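Since the structure comes first, as C-alpha cells, the remarks are kept for the end.
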Amino acid sequence: MGQKIHDIFVIGGGINGCGIARDAAGRGYSVALAEMDDFASGTSSGATKLIHGGLRYLEHYEFRLVRESLMERETLWAMAPHIIWPMRFVLPYHKGGVRPAWLIRLGLFLYDHLGGRKLLPPTAVLDMRSDPAGKPLKPLFTKAFEYSDGWVDDARMVVLNARDAADRGALILPRTRVVAARRENGVWTIGTCDTRTGKTETYQARMLVNAAGPWVDQVIREALGNNDARHVRLVQGSHIVVKRKFEGSRAYFFQNRDNRIIFAIPYENDFTLIGTTDRDYSGNPKDVKISEEETTYLCNAASEYFREPVRPADIVWTYSAVRPLFDDGASKAQEATRDYVLKVDVTQGAPLLNVFGGKLTTYRRLSEHALEKIAEAIGAKGHSWTAKSHLPGGDFPAQGYEEEVVKVKARYPFLEERHARRLVRRYGTRAAVILDGAAKMQDLGHHFGGDLYEAEVKYLVDREWAMSAEDVLWRRTKDGLRLSETERQYLEEYMAAIPAKMAG
C-alpha cells in the first residue's frame, strides 16, 4: 500500500534498455531499470564497436536500416565526441575478388548519398602501391576504396546512457534480476532479487519494457509465463585482439572467399582488433566464448590480406557475444536482419513492450520509436529531445577532441600526453571531476598499473556503478590489456574492500 507506481519499468541494462530509460526520463516519465549483471556485460560490449551504416546490409536490400544508420552516425558523434569519432575504412580490391568493382562503387555511392553526410569525408579511390595503407598488405592489392564510418567505445556508451537516465531521475538497479512480473489491477507488479545479497524487492509500473537482449525470450517465458516465446535468433560473434599490425588511424574492411567480411581496426593505440564471426548459437548467452574454429577462421581470413600472417600465438585478448537478431527465417546467420522490431502486448491490461534486435548505431532511434509506442499505450509526456543532446562528458563540439586535450594538459601539466588523451577519450569534460584538486601525479592516489589511478577508480565506483575489477578493466576502461595479473588481483582486492554502494 502506498508504494510508488513508476510509469515504466525497463528490464535490461544494455544499449537499448539504457537508451529507452534515458529518453523516457528526459521526457518526464517515472522510470526504473533493472540489469541482472553489470551494464553492457552482454551483447552491448561484444560488438565490433562501429557506428556505421552497414555497407554489407545493402546486399540484403535493407535500405531503411542502412539509411537510418547512416543518418545516425553524425548525430551520435555530436552527442558523444569523446567516445565516438570518425574513422576511414580501406576496402582492398583486386581483379577476380569476391565482389566486382562496379558493385563496390555502386554500394559506396549509395553510402555517400543515402544518409545526409555532412562532416564525414566522402569515398575515395587509393593507389595501394603508393598509399601508406598498402604497406601492411600483400602486393596483390594494388587498388582500394576508402570510405567513412565511426568508432565507438560501446560499453562506455551504455553506462553513459544509464548515468544520464539517473541524472534525469530514473531509478537504476544494476545486479538486480527480475524474477517475476505479473499484471495486477491494471499495473505491473515486478519482483526482483539482488544478485549479490539475495535481497528481494517489489516494484510497480504502468508499463513494462523487456529489453533483455539475448534473454528477451527467456524473460517472456520465465518471468511472464509464456512458454511459447521464440522471437530471436541468437548469433555468436567473436573477435580477437593482437599486437598492432599496422601504423596509422585507418581501419581495413576485408572481403572473404565465403562472402563474409571482417574488419581489422586500430584498437587502444597499441593493438589491432579483428572480427567478427557469424554463427548460430544455442547455449546460454552468459557462457559464450570464442571457439578454436573461430580463432582459426579469423587468423586465416586476416592472413589472406596482411603480408605478415596473423597467428593464434599473436592473440592477447578475445571476446565473444551473442547478438539477439529478430528471427526472420533467414537461412544463414550472416543474412538474418540486423533491423529491430518493437511489439506491444496490451491483451491483458497493463501494456508490455518487447524489444527484438537492434544495433549500437540505431539505439537512439530505436529508443525514440519505443517512446512512440509507450506514448500510445500510457499517454504522451514531453517530446523527442535526444538528437540535440549530449551524453555525460560530451558537451563539446564534434570536432573538438584535440582542443579538449589541450585544455586538460594546460590545467594539469603533470599529466603525460598519452594519459591526458585517454582521460578525455573516456570521460570528455568530466575528466576534470577525476582530476579536480590534483597538482601532481601523487594526488591521483594509488597507481594500479598502466595509466589507472585511484582517483579514476573512485570516480567509476561513485558515479558509474563499478563494483569489481572486471567492471573497471574491461567495460569502463580497457586497462585489462595493460595490467599484469598481479596488478589485476590487487585491484580486485581494493574493489572488494570498498563498501557496496549505488552510484548517486
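These numbers come from a predicted model, not from an experiment.
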Original post:
How long is the gap from CZ on Arg425 to OH on Tyr401, to the nearest 0.5 Å?
Top reply: 4.5 Å
Original post:
Given side chains that start at C-beta, do those of Val241 and Lys478 come closer than 4.5 Å, heavy atoms only?
Top reply: no
Original post:
For Glu493, does the CD atom sit with more than 12 other heavy atoms under 6.0 Å from it, leaving out its own atoms?
Top reply: yes
Original post:
Is Leu360 close to Leu50 at the side-chain level, that is, under 4.5 Å between some pair of heavy atoms?
Top reply: no
**OP:** Identify the two heavy atoms, one from Ile274 and one from Ala302, that lie closest to each other, and give their separation to 0.1 Å.
**Re:** CD1-CB, 4.1 Å
Subject >> salt bridge (charged side-chain N to carboxylate O under 4.0 Å, His left out): pairs with one or both residues in residues 16-32, sequence neighbours excluded >> reply: Arg22-Asp164, Asp23-Arg27
Original post:
Tell me the salt bridge (charged side-chain N to carboxylate O under 4.0 Å, His left out) pairs involving residues 73-87, sequence neighbours left out?
Top reply: Arg73-Asp149
Subject >> Main-chain N/O of Thr176 paired to Thr192 side chain as donor or acceptor, under 3.5 Å >> reply: no
**OP:** Output all residues satisfying side chain to side chain donor-acceptor pair (under 3.5 Å) with Lys381, sequence neighbours left out; order by chain, then residue number.
**Re:** Asp7
Original post:
Closest approach of Ser320 and Gln236, non-hydrogen atoms and distance?
Top reply: OG-NE2, 4.1 Å
Subject >> Results of side chain to side chain donor-acceptor pair (under 3.5 Å) for Tyr453 - residues two or more places apart only >> reply: none
Original post:
Considering all heavy atoms of both residues, which atom of Ser30 and which atom of His6 are nearest to each other, and what is their separation?
Top reply: OG-ND1, 3.0 Å
**OP:** Indicate yes or no: at least one non-hydrogen side-chain atom of Ile172 is less than 4.5 angstrom from one of Phe39.
**Re:** yes
Subject >> side chain to side chain contact (heavy atoms under 4.5 Å, CB included) between Val158 and Tyr363, worked out >> reply: CA-CA 10 Å; Val158 176; Tyr363 94 88; over 6 Å; no
Original post:
By side-chain contact (heavy atoms from CB on, under 4.5 Å), which residues pair with Ser291, not counting sequence neighbours?
Top reply: Arg279, Glu293, Glu294
**OP:** Look at the side chain of Thr43 and the backbone N and O of Val322, then say whether any donor-acceptor pair between them is shorter than 3.5 Å.
**Re:** yes
Original post:
Can the positive tip of Arg260 be found less than 6.0 Å from the middle of the six-membered ring of Tyr297, inside 45° of the ring normal?
Top reply: yes
Subject >> side chain to side chain donor-acceptor pair (under 3.5 Å) against Thr202, all qualifying residues, sequence neighbours excluded >> reply: none
**OP:** Tell me, please, which residues at least two apart from Thr361 pass side-chain contact (heavy atoms from CB on, under 4.5 Å).
**Re:** Ile51, His52, Ser69, Glu72, Lys359
Original post:
Between atom CD of Glu247 and atom CZ of Arg244, what is the distance when rounded to the nearest 0.5 Å?
Top reply: 4.0 Å
Original post:
Thinking salt bridges, do Asp37 and Arg475 make one under a 4.0 Å N-O criterion?
Top reply: no
Subject >> Those residues that, when tested against Lys243, pass side-chain contact (heavy atoms from CB on, under 4.5 Å) (two or more places apart) >> reply: Phe271, Val316
**OP:** Enumerate the residue pairs fulfilling side-chain hydrogen bond (donor to acceptor under 3.5 Å, both in side chains) with a member in residues 305-316, sequence neighbours excluded, ordered by first and then second residue.
**Re:** Lys245-Glu308
Original post:
Counting only N and O atoms by type, is there a donor-acceptor contact under 3.5 Å from the side chain of His239 to the main-chain atoms of Thr277?
Top reply: no
Subject >> Where Ser367 and Asn16 come nearest, the two heavy atoms and their spacing >> reply: OG-O, 4.3 Å
**OP:** May I ask you to test the Asp443-Lys440 pair for a side-chain heavy-atom distance under 4.5 Å?
**Re:** yes
**OP:** May I ask you to test the Pro324-Phe356 pair for a side-chain heavy-atom distance under 4.5 Å?
**Re:** no
**OP:** Taking the side chain as every heavy atom from C-beta outward, state whether Tyr340 and Arg365 have any atom pair closer than 4.5 Å.
**Re:** yes
Subject >> Separation of Leu91 CG from Phe253 CZ (nearest 0.5 Å) >> reply: 5.0 Å
Subject >> From His446 atom NE2 to Lys458 atom NZ, the distance as rounded to the nearest 0.5 Å >> reply: 12.0 Å
Original post:
Without hydrogens or angle criteria, can the side chains of Arg88 and Ser148 be said to hold a donor-acceptor pair below 3.5 Å?
Top reply: yes
Subject >> Tyr29 side chain near Leu371 side chain, heavy-atom distance below 4.5 Å >> reply: yes
Original post:
Shortest non-hydrogen contact from Ala410 to Pro413?
Top reply: O-CD, 3.7 Å
Subject >> Other residues, nucleotides, ligands: >12 heavy atoms within 6.0 Å of Arg488 CZ >> reply: yes
**OP:** Taking the side chain as every heavy atom from C-beta outward, state whether Ser41 and Glu35 have any pair of such atoms under 4.5 Å apart.
**Re:** yes
Original post:
How would you list, by chain and number, every residue that makes a side-chain contact (heavy atoms from CB on, under 4.5 Å) with Met87, sequence neighbours excluded?
Top reply: Trp85, Phe89, Trp151, Ala251, Ile265, Pro266
**OP:** Show your working on salt bridge (Lys or Arg N to Asp or Glu O under 4.0 Å) between Arg250 and Asp131 and close with a plain yes or no.
**Re:** CA-CA 12 Å; Arg250 288 182 288 184; Asp131 193 285; 2.6 Å; yes
Subject >> Distance, nearest 0.5 Å, that separates CD of Gln489 from OG of Ser484 >> reply: 10.5 Å
Original post:
Using 4.0 Å as the upper bound for N to carboxylate O, is an ion pair formed by Asp278 and Arg323?
Top reply: yes
Original post:
Looking only at heavy atoms, which two atoms of Ala155 and Ala40 are closest? And how far apart?
Top reply: CA-CB, 3.9 Å
**OP:** Give the intermediate values and the outcome of side chain to side chain contact (heavy atoms under 4.5 Å, CB included) for residues Leu460 and Thr477.
**Re:** CA-CA 10 Å; Leu460 294 173; Thr477 77; 4.2 Å; yes
Subject >> Donor-acceptor pair, side chain of Tyr111 and main chain of Leu70, under 3.5 angstrom >> reply: no
Original post:
Have Arg364 and Thr386 got a donor and an acceptor in their side chains that come within less than 3.5 Å?
Top reply: yes
Original post:
Under the 3.5 angstrom rule, does the side chain of Glu454 hit a backbone N or O of Gly445 as a donor-acceptor pair?
Top reply: no
**OP:** Output all residues satisfying salt bridge (charged side-chain N to carboxylate O under 4.0 Å, His left out) with Asp395, sequence neighbours left out; order by chain, then residue number.
**Re:** none
Original post:
Looking at Tyr319, is Lys49 sitting on its ring face, NZ or CZ under 6.0 Å from the six-membered ring centre and within 45 degrees of the normal?
Top reply: yes
Subject >> Stepwise side chain to side chain contact (heavy atoms under 4.5 Å, CB included) check, Leu234 with Val288 >> reply: CA-CA 11 Å; Leu234 301 183; Val288 66; over 6 Å; no
**OP:** Please assess Leu452 against Val472 for the test side chain to side chain contact (heavy atoms under 4.5 Å, CB included), listing each intermediate value before the final yes or no.
**Re:** CA-CA 10 Å; Leu452 184 65; Val472 171; 4.0 Å; yes
Original post:
side chain to side chain donor-acceptor pair (under 3.5 Å) with Tyr427: which residues, sequence neighbours excluded?
Top reply: Glu456
**OP:** Any chance you could measure Glu464, atom CD, to Arg163, atom CZ, to the nearest 0.5 Å?
**Re:** 8.0 Å
Original post:
Does a donor on one side chain and an acceptor on the other come within less than 3.5 Å for Ser303 and Asn300?
Top reply: no
Subject >> Flag, side chain of Arg156 to backbone of Arg476, donor-acceptor distance under 3.5 Å >> reply: yes
